[in-house]
Amino acid sequence: MPGRRGCLIRIPANRQPPVTSVSPKPASDPARPGTERPNLLGMTPGELGEALDSHFLGRGQPAYRARQTARWVHAGDARSIAAMTDLPLAERNALERSFRLEEPELDTVSVSTDGTAKHLWRLRGGEVVESVLIPAPGRLTLCISSQAGCALACRFCATGWSGFGRQLSAAEIAGQYRASARWAGEHGMGSVSNVVFMGMGEPLANRKAVFPALTILNSGYGLGARRITVSTVGVIPGIEALAERREQFRLALSLHAPVSELRRELIPLEKRYPLDQLINTLEAFNRSGGRRITFEYTMIRGVNDDLALLPPLTGLARRVQAFVNLIPFNPIPYVDWRPSHRNRVQAYRQGLEEAGVPVAVREPRGRDIDAACGQLRAARYPGRRSAHPVEDASPADLPQPGEGPQ
Ligand code: SAH
């Protein structure tokens with residue numbers, strides 16, 4: 001039940017061990033304004049190897065020092081360069097002068113009665129983002145954020161209502177994984193088996209950071225590409241770019257309506273990238289080989305759950321061989337909408353099944369800790385709306401003034 005708060009555990013950050021370096025140095029060199037030591041967590045394994053090789057070579061150190069350091073980065077247990085204890089002290093100090101190892105700073109962690117654990121991370125400059133650990137039999141899924149806020153203003157989404165803050169860097173995205181995975185291990189949740197980009201933000205409107213972060217998760221931390229899902233509301237150029245990658249990252253499309261007229265009422269981006277073009281793009285994505293597409297369909301009572309919408313939904317799912325996730329709408333403060341009736345959700349499930357479409361009803365998890373999309377942050381930082389340009393989305397990817405939540 002939303003709003004039920006009796007049994008959750010909130011651990012304020014000041015009772016957590018520090019997440020940042022044990023011998024913190026200023027991130028930028030005050031003597032050289034504008035310079036900043038690169039964060040080891042934001043480099044792909046290739047970039048990391050190159051940077052460390054040249055660093056240690058310049059110091060006359062053996063080649064294995066670079067591998068030793070990279071191992072520390074990807075093993076994930078060292079919170080700082082100072083903690084890389086098999087490097088000589090002088091080398092740790094030299095590394096610290098040239099690089100930093102900086103995870104997002106833990107603000108709050110909330111644990112739901114159903115075992116879901118949500119972290120709120122404070123970023124440089126004061127923005128906050130969230131990630132959620134969702135345990136299930138045989139798997140532990142981590143849901144991470146790609147932007148602080150979101151500019152796309154979907155009406156049913158709390159993040160959309162809270163507005164756009166800024167893009168996350170690759171280090172901030174990979175850092176959520178590193179810090180959450182370590183927390184999961186330390187708290188008996190086991191290791192993260194799957195990552196989904198279903199936290200705050202539109203990942204394909206931040207490809208500059210999300211694409212390297214995918215490489216880092218996959219070939220740095222060793223998470224299989226098929227265990228990493230990028231969820232998008234339909235940024236066509238981003239889907240095309242993902243299709244061009246050779247790794248088989250999974251794609252989820254937040255569909256929410258199978259006809260354009262209705263979809264554009266829920267999702268302003270539909271006006272820019274309409275459904276027919278989107279589905280053509282998904283067909284091409286399929287042709288690029290061996291990947292399964294998921295449709296996310298948030299069921300909102302009386303809004304997008306009419307039985308007349310079932311045939312077009314089935315038709316689209318069959319066209320791109322999509323797996324359909326039906327998600328009962330999670331109420332948010334900004335609109336007076338409710339989740340579909342249970343029997344309507346079941347009717348959709350049955351209708352899809354009978355048409356041969358694989359389908360699952362996603363049970364709401366962590367509702368007592370506001371674990372759905374943007375809710376904790378929205379509760380803490382309410383009412384901010386802005387339309388800052390999104391760095392590597394074209395202006396056309398953004399909602400126009402007057403569209404979406406006001
Ligand atoms: N921008 C991306 C990823 C973030 S949202 C995308 O849109 O896919 C992750 C998922 O949560 C999306 O499927 C989104 O539609 C869904 N979602 C957002 N708000 C919701 C709500 N109030 N109830 C249920 N699902 C919601």
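Every heavy atom of this structure was used, including side-chain atoms; hydrogens, water molecules and symmetry mates were not. The model shown is predicted, which means the values in this text are computed figures rather than measured ones. We count ligands from 1, going down the list as the structure has it; atoms in each ligand are counted the same way.
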Which of these, [options], has its nearest heavy atom closest to [atom]?
atom	options	value
atom 22 (N) of ligand 1	Asn330, Val335, Leu152	Asn330
atom 20 (C) of ligand 1	Phe156, Phe329, Tyr297, Trp161	Phe156
atom 13 (O) of ligand 1	Ala205, Ser254, Pro203, Gly234	Ser254
atom 4 (C) of ligand 1	Pro339, Ala158, Gly199, Ser231	Gly199

Under 4.0 Å, heavy atoms only, figure out whether ligand 1 is touched by the backbone of [X], its side chain, both or neither.
X	value
Glu296	side chain
Thr298	side chain
Thr159	neither
Met200	neither
Ile332	side chain

Using a strict cut-off of 4.0 Å, indicate which atoms of ligand 1 neighbour a heavy atom of His256.
->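 It comes down to these atoms of ligand 1: 13 (O), 14 (C), 15 (O).
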
Can you sort out which atoms of ligand 1 are near Phe197, meaning under 4.0 Å from one of its heavy atoms?
->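 Heavy-atom distances to Phe197 below 4.0 Å select 3 (C).
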
Non-hydrogen atoms of Gly201 versus ligand 1: any pair closer than 4.0 Å?
->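 Checking ligand 1 against Gly201, which is what was asked, there is a heavy-atom contact under 4.0 Å.
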
Side-chain donor-acceptor contact under 3.5 Å, Asp86 with Trp72 |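 On atom types as modelled, these side chains qualify, holding a pair under 3.5 Å.
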
Would you tell me whether Gln68 and Arg71 have side-chain atoms, one donor and one acceptor, within less than 3.5 Å of each other?
->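 Short answer, no.
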
Who pairs with Glu354 by side chain to side chain donor-acceptor pair (under 3.5 Å), at least two apart in sequence or on another chain?
->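 Glu354: side chain to side chain donor-acceptor pair (under 3.5 Å) contacts with Gln350.
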
Stepwise side chain to side chain contact (heavy atoms under 4.5 Å, CB included) test for Ile300 and Asn304 = CA-CA 6 Å; Ile300 311 167; Asn304 65 350; 3.7 Å; yes

Check for a donor-acceptor pair, side chain of Glu296 on one end and backbone N or O of Leu326 on the other, with a separation under 3.5 Å.
->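 No, Glu296 side chain to Leu326 backbone: no donor-acceptor pair under 3.5 Å.
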
How long is the span from the CZ atom in Phe329 to the CZ atom in Arg338, to the nearest 0.5 Å?
->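 These two atoms lie 11.0 Å from each other.
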
Please work out whether the ring planes of Tyr334 and Trp161 are parallel, tilted or perpendicular, with thresholds of 30° and 60°.
->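 Parallel: the ring planes of Tyr334 and Trp161 meet at under 30°.
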
List the atom pairs, with distances to 0.1 Å, where a side-chain N or O of residues 211-219 and a protein N or O form a donor-acceptor pair under 3.5 Å, not counting sequence neighbours.
residue	atom	partner	partner atom	Å
Thr215	OG1	Phe211	O	3.3
Thr215	OG1	Arg245	NH2	2.8
Asn218	ND2	Leu223	O	2.8
Ser219	OG	Thr215	O	3.0

